Amino acid sequence: MSSAAWQRATLPLLILGVLETAPRHGYGVSAALVGVGLQPIKGAQLYPALVKLENDGAIVAEWEQSESGPARKVYQLTDSGRAELARLREEWREFTAAAAALGATSAR
């Protein structure tokens with residue numbers, strides 16, 4: 001599986017992790033992911049994921065006026081989103097530990 005495929009599979013975890021540090025608009029979320037070395041996320045993947053997280057109550061969005069262009073939505077983590085982020089992180093730790101254990105045993 002390519003790193004881009006892993007990103008798509010873990011996109012909710014990644015988005016919530018970015019929003020844990022500060023509220024951001026969609027481009028800011030994408031830029032933060034690229035800033036840590038991940039591949040750019042296309043809008044066709046990012047915005048549906050943001051809408052789903054918003055519908056699930058994990059994030060809220062507010063329109064912010066821009067001095068140089070149109071208003072944009074700024075997304076912020078909710079308390080429910082913090083709980084979901086903790087749950088997803090724990091699932092990810094369990095998955096990576098199991099995958100690492102398989103990798104360690106297959107090298108013998």
Side-chain angles (χ1 to χ4, degrees):
M1 184 180 273
S2 70
S3 62
W6 283 110
Q7 275 183 225
R8 283 190 303 278
T10 60
L11 193 53
L13 170 64
L14 298 173
I15 291 170
L16 294 176
V18 166
L19 294 176
E20 180 181 40
T21 61
R24 297 177 194 259
H25 50 81
Y27 179 80
V29 170
S30 181
L33 295 175
V34 170
V36 297
L38 297 173
Q39 299 295 316
I41 301 291
K42 294 181 180 178
Q45 296 166 342
L46 177 62
Y47 290 100
L50 287 167
V51 168
K52 181 170 182 350
L53 289 168
E54 189 176 5
N55 289 341
D56 291 346
I59 62 175
V60 293
E62 286 186 11
W63 285 99
E64 178 183 88
Q65 274 309 115
S66 172
E67 294 178 18
S68 62
R72 26 183 207 187
K73 272 189 173 182
V74 175
Y75 300 92
Q76 183 172 328
L77 204 58
T78 63
D79 289 340
S80 175
R82 289 182 201 292
E84 179 65 2
L85 177 58
R87 186 187 70 75
L88 289 172
R89 282 181 171 156
E90 181 56 31
E91 284 183 4
W92 182 250
R93 277 191 281 280
E94 290 171 5
F95 173 78
T96 56
L102 288 173
T105 57
S106 66
R108 294 183 190 177

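Quick caveat: nothing in here was measured; it's all calculated off a predicted structure. Excluded from the calculations below are hydrogen atoms, water molecules and symmetry mates; all remaining heavy atoms, backbone and side chain alike, are included.
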Hphob cluster co-occupancy, V51 + L77, side-chain heavy atoms under 4.5 angstrom: no

Minimal non-hydrogen separation, L46 against S30, with atom names: CD2-CB, 4.1 Å

hydrophobic_cluster_shared for V34 and I15, side chain cutoff 4.5 Å: no

Rounded distance [0.5 Å steps], CG in L19 versus CG in L50: 7.0 Å

Contacts of type side chain to side chain contact (heavy atoms under 4.5 Å, CB included), residue E84, not counting sequence neighbours: L16, R87, L88

Q7 side chain vs Q39 backbone, donor-acceptor pair below 3.5 Å: yes

Plane angle bin for W6 and F95 - parallel if under 30°, tilted between 30 and 60°, otherwise perpendicular: tilted

Distance in Å, L53 CG paired with L11 CG, rounded so as to fall on 0.5 Å steps: 8.0 Å

Side chain to side chain contact (heavy atoms under 4.5 Å, CB included) partners of E90, counting only residues at least two apart: R93, E94

Pairs meeting criterion side chain to side chain donor-acceptor pair (under 3.5 Å) with involvement of residues 48-60, two or more places apart: K52-D56

Pair Q76-E62, side chain to side chain contact (heavy atoms under 4.5 Å, CB included): steps then yes or no: CA-CA 8 Å; Q76 183 172 328; E62 286 186 11; 5.6 Å; no

Pairing residues for A22 by the side chain to side chain contact (heavy atoms under 4.5 Å, CB included) criterion, not counting sequence neighbours: none

Residues in side chain to side chain contact (heavy atoms under 4.5 Å, CB included) contact with P48, at least two apart in sequence or another chain: none

Check: A58 main-chain N/O paired with T78 side-chain donor or acceptor under 3.5 Å: yes

Pairs touching residues 11-28 that satisfy side chain to side chain donor-acceptor pair (under 3.5 Å), sequence neighbours left out: E20-R89, T21-R24, H25-R72

